[in-house]
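Chain A is the first sequence line, chain B the second, and so forth, proteins listed ahead of strands; every chain is numbered from 1.
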Amino acid sequence: MFGYAGKMLEVDLSTQKIKTRKLEPDLARDYIGGIGFNARILYDEIPAGADPLGPDNVLVFSVGCLVGTPFPTASRMEVSAKSPLSDGFGSSNSGAFLGLRLKCAGYDGLIIKGQAQKPVYLLIEEDTTEIKEASFIWGKDAWESIDLLKARHYGAEIMLIGQAGENLVRFASIENGYYDGFGRTGMGAVMGSKKLKAVVVRGSKPIVPADPQGVLELSAKGQKLIKSASSYQAFCAYGTMNATIPYGGFNALSVHNYSRGTLPDWKQKAGRQIVDIYGSRHIACQSCIIACGHLAEINEGKYAGTLVKDMEITPTVSYSSNVGLSTEASIKSSELCQRYGIDMSSSGSVIAFAMELYQKGIINKDDVGYELAFGDDDAAFALLRDISLRQGIGDILAEGVKRAAEHWPGADDYAIHVKGVEVPMIDPRGRWSTWTLGMLTNIRGGDHLRCRNPVENLRYNENLHYYQKERFGFKKPMYDRLDMPENLKSAAIDLESDTVDIAIMSKWAEDLINLYNSVGICIRPPVMETIGPTILAELYTCMTGIPMSPDELMMGSERAWNLMKLFNIRHGEVASDSKFPRRFYRELQSGNIVDEDKVQAVLEQYWQARGWDSGTGHPLPETEKRLGI
Amino acid sequence: MRIIIIGNGAAGNQAAQTIQNYDPEAEITILGAESIPFYSACALPDYLVGWIKRDQLFLRSSLDRHRVEICLGQAVEDIKPDRQAVSAGGKLLFYDRLIIASGSRPILPNIPGTELPGNFVIKSVYDIDRILSYNPRRIAVIGSGNIGIEVAEALASRGCQVSIIEMMSRIMPRLFDEQPAMLIRNILEENGVEIHTGEKAREVIGKNRAEGLITDCRRISCDAVIWAAGVRQNTELARAAGIEIGGLGGIKVDLQMKTSHPAIYACGDCVETSDLLTGKPALCLLWSCAKAQAEVAARNCLGEEIIYPGALKLIAEEAYGKPCMAAGLLEEELDRTGLKIIEKETENTYHRILIKNERIMGIQAVGSMEAMGPLLYFMKKMIAPSEIKRIINSPALLKNMPWMLAIDKYWQ
Amino acid sequence: MKQKRLYHNASLCDGCGLCQLVCALEHCGQWNHYQSRIKIVNDMEREAFYAVCCTQCEEAPCILTCLMNTIYKQPGSDITVRDLYHCIGCRACELACPFDAAVFDVIQEKVVNCDLCGGRPLCVEYCPNHALTYDYPGDQADKKRNQAALQRFGTSLLEVFKFSGKEG
């Protein structure tokens with residue numbers, strides 16, 4: 001099979017059996033790759049009501065089908081399992097070099113089942129896969145473990161869990177090398193429950209495209225397109241840090257557990273200049289021409305000697321604004337999160353949650369063991385350690401805000417989550433957009449990365465309460481450039497009133513991002529702005545030799561999205577789960593609250609646009625039939 | 001200038017090539033004893049297995065046929081240094097400079113039975129042709145140098161049953177230390193090659209042809225015996241002409257590859273040079289050494305003053321797909337005091353670096369040759385390990401020498 | 001005649017590996033990181049990425065080591081080229097290369113080196129940050145490189161390594 005490695009590796013840790021599964025051409029064509037494969041496998045193989053941390057859960061890693069091409073940013077792989085945080089479809093995406101290496105080892109995906117008796121790690125080499133004993137790294141943090149594993153397996157790419165994953169912290173992440181990770185929805189806890197400490201991958205098998213010349217040409221074209229994006233230059237220089245200032249300006253920042261909308265010194269704490277101060281150099285993932293990652297270095301002060309890939313919006317907002325730490329402490333927090341193997345967004349939210357409880361007197365010093373206050377880095381890091389090691393109060397907080405709030409009466413009001421997953425970064429009260437609706441419709445719960453307007457407007461924030469629309473904010477050439485079917489484009493964007501229909505755009509954006517996650521490219525704004533299904537379909541055909549039209553490609557992505565929704569429904573999701581935390585509806589923030597009824601109305605519109613039942617949000621039979629599920 | 005080169009091997013051809021490049025006016029004559037064009041002796045085992053075709057053995061030559069006369073099948077009978085002439089085929093050929101690259105020949109020991117059909121050596125294309133047409137099934141290979149090992153593997157790959165007889169206590173005794181030799185032995189034995197060490201061949205038995213071999217401890221029935229137990233320098237011509245012969249049996253040359261006679265140079269297998277690391281006299285019977293020596297000899301012929309830094313023992317070969325390499329000295333050849341050994345072992349690879357007096361003295365690797373190139377050069381240039389470490393640890397310096405990073409793993 | 005060479009500026013490189021991908025695709029029609037003629041050494045500890053590629057040495061050790069005389073300088077230029085028909089894949093040149101820049105092509109089972117794509121290197125075309133450049137020797141980077149080697153090893157190393165821009 002061209003383009004794909006052609007098989008998936010299935011490891012049953014309970015029985016220690018390893019087998020390979022041939023990649024069925026139908027699966028490849030219908031679900032494309034990456035998250036698509038994960039959706040199908042999880043839907044087929046996890047029984048309803050399975051314990052996310054039990055042996056029935058299945059952990060699937062799939063590589064995007066375009067990984068291995070020089071197409072810009074084609075490096076991503078997706079991990080999915082039933083989430084211990086949301087009890088629904090858990091999924092997380094990461095780049096760097098692991099995906100390509102797994103594909104070069106000869107596998108499109110890795111399926112992990114069962115539970116090992118003793119700590120183990122998996123060594124995947126070209127033709128052999130071994131389950132190896134891992135007691136020498138069990139209990140060690142991620143960076144130490146990588147060092148030890150690298151000494152044994154030179155030149156290998158490694159993904160692993162830190163102590164948080166071992167201790168089944170529900171928002172533990174899987175670390176991808178030193179600096180990257182599969183952060184959200186607690187995939188690390190699933191890996192920890194299987195007692196799988198690490199996966200070490202080495203391989204040098206070829207990936208053969210059907211038409212190498214075509215792939216090269218289209219990659220050059222893709223490079224040109226992305227370079228022409230309006231946000232390209234800014235992104236190359238400052239990465240995701242660009243977005244920090246506008247959100248502060250919109251009063252839409254998550255400050256101190258969403259009790260405020262912005263910080264007075266936010267511009268000094270998070271602006272572009274901190275990239276210039278702390279960032280030492282750019283680091284790219286495989287094939288990326290943007291290289292938004294920076295290596296951050298602290299040379300003096302309390303945290304002197306810290307060296308970590310940072311200068312990203314996620315740790316900055318989670319720790320600088322949500323927990324209120326100083327910039328240097330937030331850089332340090334990235335290192336700690338990487339070492340413990342814990343999700344930066346969720347851990348920041350949990351710490352902020354605990355700090356607010358402390359402030360409100362719901363928990364006190366006897367519960368915690370030390371004083372907690374926003375902005376106190378020592379306390380925050382102590383709490384981070386306690387959570388990762390499940391010591392003291394950390395044992396309760398390690399369950400995530402939703403479950404932890406049940407421990408203390410009245411704590412529920414301060415638990416900021418959607419479907420159990422902590423909401424990161426942006427406050428819908430300050431800015432209502434496709435993005436914020438996406439936190440409700442997101443398959444993996446309260447998360448910001450699966451639904452974003454392809455042309456994100458970070459300039460205007462005028463239509464605060466106009467729930468069904470948001471301002472488009474761009475001129476006609478931008479509209480013309482958008483790679484979207486004409487009828488959908490005209491339905492979603494109204495140039496005359498300069499607005500975007502949020503419901504229709506949400507569906508398109510989700511499908512587009514899902515497509516990106518299936519083919520394995522990145523959702524950085526310069527890519528979202530310029531790369532659409534047309535060029536991806538051509539590339540898919542060149543890569544695999546399978547004829548594919550842009551419409552079919554989008555349908556494949558929609559198919560996977562519906563399947564994930566069905567997975568969630570089977571595992572107990574109901575329509576009323578799609579709601580914001582109470583705080584957003586009740587507590588005034590920058591003069592606003594979110595209107596519950598109006599949100600419900602947009603949500604129903606969105607369900608309609610998706611072909612789902614407008615009352616329950618379940619996919620309608622005709623939709624399932626159209627998609628051939 | 002008229003230059004005569006005796007020998008049509010690697011050294012001879014390289015010398016001719018160099019002269020042609022540096023002095024387009026020179027008249028060159030190559031006198032080869034074999035009546036066969038220039039071929040690569042190193043590829044003979046590959047030809048024996050059948051990995052390459054016979055015509056691939058013969059090498060591309062960019063010698064200008066108008067200026068270089070190649071006389072094949074023309075054995076030199078005599079060198080007359082006082083008249084600056086050689087006699088070949090009854091004629092006298094005069095020279096201004098003479099380069100002797102007469103090579104070496106394999107040793108057939110003086111034991112009973114070696115004259116029987118079925119005794120072979122590995123030296124030329126004809127030897128391989130003879131083995132192929134003889135088509136033996138059970139073979140005893142005497143000697144486990146690199147030739148012995150390669151031939152044994154080649155024959156085993158052809159489906160023959162092969163036994164290796166080695167006099168010393170381990171295989172490849174001059175190339176590898178105990179532990180890596182053991183690893184290579186394991187690889188060979190796993191693939192069905194029988195190995196007997198610490199035994200000496202006593203007699204080849206058989207009536208009209210070789211039927212078996214008797215060693216110190218056993219009798220091996222076989223239908224062919226291949227002698228790969230060393231070579232002897234072809235120095236008879238030089239000796240007869242009164243040229244000085246060194247203590248190890250090769251033609252004695254100085255650092256400019258000049259013999260005791262001022263107009264006569266020598267290079268290749270037949271000479272005795274000094275070892276790069278120890279400076280002591282040494283024989284070096286390797287293709288790359290021959291070519292390097294030939295280049296030095298040729299340029300010195302033309303009046304330049306180039307110094308040959310010395311020969312470095314360097315062997316690289318594949319044992320059933322596993323690359324093995326050894327360079328420099330062995331542990332037993334070095335004084336124990338102050339000797340530091342770096343060993344890196346993983347499941348599939350083994351590396352050993354010998355360091356003494358802040359110099360790399362020996363490298364041995366089994367399984368992977370990754371990053372050995374840079375290491376070799378540090379060995380050749382006698383650069384201290386501490387200096388290497390300093391470069392590796394300094395990003396600013398590394399920027400200009402990125403390849404050094406590859407050897408990082410050996411220094412931790 | 002002096003030819004253009006490939007230069008890598010480590011301070012501009014992000015380590016995206018695009019050059020390796022396009023190189024392997026162009027030369028073998030498939031992606032396999034061992035097939036790429038240029039190698040990016042990814043070194044997170046030292047926060048840098050280095051490129052290893054054939055430097056087109058003037059007196060190349062690979063030429064001297066080749067058992068089959070298959071490596072030679074392209075007539076009229078100083079590009080190291082190979083006659084792959086006669087190559088027996090013994091990997092001696094890989095061992096000899098002090099830059100670790102000879103690549104064993106696992107499809108052909110032969111050793112190859114950077115051929116500069118016949119004068120239009122694809123890796124340079126695709127490099128997003130212009131970290132790779134294709135230029136005449138003797139420019140600034142080359143001089144710096146020489147100087148660094150000179151300082152560290154003294155002149156003797158230069159003789160062996162024959163840095164490309166010695167005269168330039």
Side-chain angles (χ1 to χ4, degrees), chain A residues 2-3 67-75 95-97 100-101 103-104 143 146-147 150 155 157 177-179 203-216 219-220 223 226-227 232 236 280-297 307-309 543, chain C residues 8-52 94 100 103-109 112 117-118 120-132:
Chain A
F2 288 115
V67 173
T69 64
F71 191 80
T73 76
S75 66
F97 301 87
L100 181 61
R101 199 49 60 85
K103 212 165 169 179
C104 281
W143 287 11
I146 294 180
D147 289 341
K150 285 226 157 153
E157 289 291 332
Y178 291 101
Y179 301 129
S204 62
K205 282 197 177 167
I207 299 166
V208 190
D211 173 9
Q213 210 51 45
V215 168
L216 274 173
S219 302
Q223 216 180 73
I226 292 174
K227 281 189 173 167
Y232 175 73
C236 282
S280 62
R281 64 170 297 127
H282 296 258
I283 292 185
C285 295
Q286 175 64 49
S287 300
C288 185
I289 63 168
I290 302 170
C292 65
H294 293 78
L295 214 54
E297 214 172 346
L307 179 67
V308 66
K309 184 175 162 188
M543 184 74 175
Chain C
H8 178 252
N9 184 344
S11 52
L12 289 177
C13 180
D14 290 337
C16 67
L18 260 174
C19 45
Q20 302 186 66
L21 273 179
V22 293
C23 182
L25 270 175
E26 169 73 11
H27 288 95
C28 326
Q30 54 170 243
W31 157 240
N32 178 336
H33 54 281
Y34 286 144
Q35 301 289 75
S36 169
R37 274 79 167 144
I38 181 167
K39 286 183 255 180
I40 297 290
V41 185
N42 174 339
D43 188 39
M44 285 287 191
E45 278 166 47
R46 295 176 195 83
E47 339 158 21
F49 305 97
Y50 310 106
V52 174
E94 195 187 351
D100 219 21
V103 177
F104 187 66
D105 181 326
V106 290
I107 302 172
Q108 304 180 68
E109 298 206 323
V112 293
C117 293
R120 198 161 161 262
L122 268 192
C123 47
V124 176
E125 248 169 65
Y126 277 78
C127 180
N129 300 317
H130 307 291
L132 283 168

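With chain A as partner, the option from C:Cys19, C:Cys13, C:Cys127 having the largest number of non-hydrogen pairs under 4.5 angstrom is C:Cys13. Ranked by heavy-atom pairs shorter than 4.5 Å toward chain C, the options A:Ser287, A:Ala220, A:Ala291, A:Pro212 are led by A:Ser287. Between chain C and the residues A:Cys236, A:Ala96, A:Cys285, the largest count of heavy-atom pairs under 4.5 Å involves A:Cys285. Highest contact tally toward chain C, considering only A:Gly177, A:Gly203, A:Pro206, A:Pro209, is held by A:Pro206 [criterion: heavy-atom pairs under 4.5 Å].
For C:Ile40, no part lies under 4.5 angstrom from a heavy atom of chain A. For a residue to count as touching a neighbouring chain, one of its non-hydrogen atoms must lie under 4.5 Å from one of that chain's; by this rule A:Gln223 touches chain C with the side chain only. For A:Ser75, no part lies near chain C; criterion is any non-hydrogen pair under 4.5 Å. Contact annotation for A:Lys103: neither backbone nor side-chain heavy atoms come within less than 4.5 Å of a heavy atom of chain C. Both the backbone and the side chain of C:Glu26 come within contact range of chain A, judged by heavy atoms closer than 4.5 Å.
What you find for A:Ala74 and A:Thr69 is that their closest heavy atoms are CB-OG1, 3.8 Å. In terms of heavy-atom proximity, C:Val103 sits nearest to C:Lys39 at CG2-CE, 4.4 Å.
For the atom pair CG of C:Asn129 and CG of C:Leu12, the computed distance is 7.0 Å after rounding to the nearest 0.5 Å.
Judged as a salt bridge (charged side-chain N to carboxylate O under 4.0 Å, His left out), and not counting sequence neighbours, A:Glu157 has no contacts.
When atom types are taken as modelled, the side chain of A:Trp143 and the backbone of A:Tyr178 share a donor-acceptor pair closer than 3.5 angstrom. At least one donor-acceptor pair closer than 3.5 Å links the side chain of C:Tyr126 to the backbone N or O of A:Leu216.
Using the six-membered ring where Trp is involved, A:His294 and A:His282 have ring planes that are tilted, between 30° and 60° apart.
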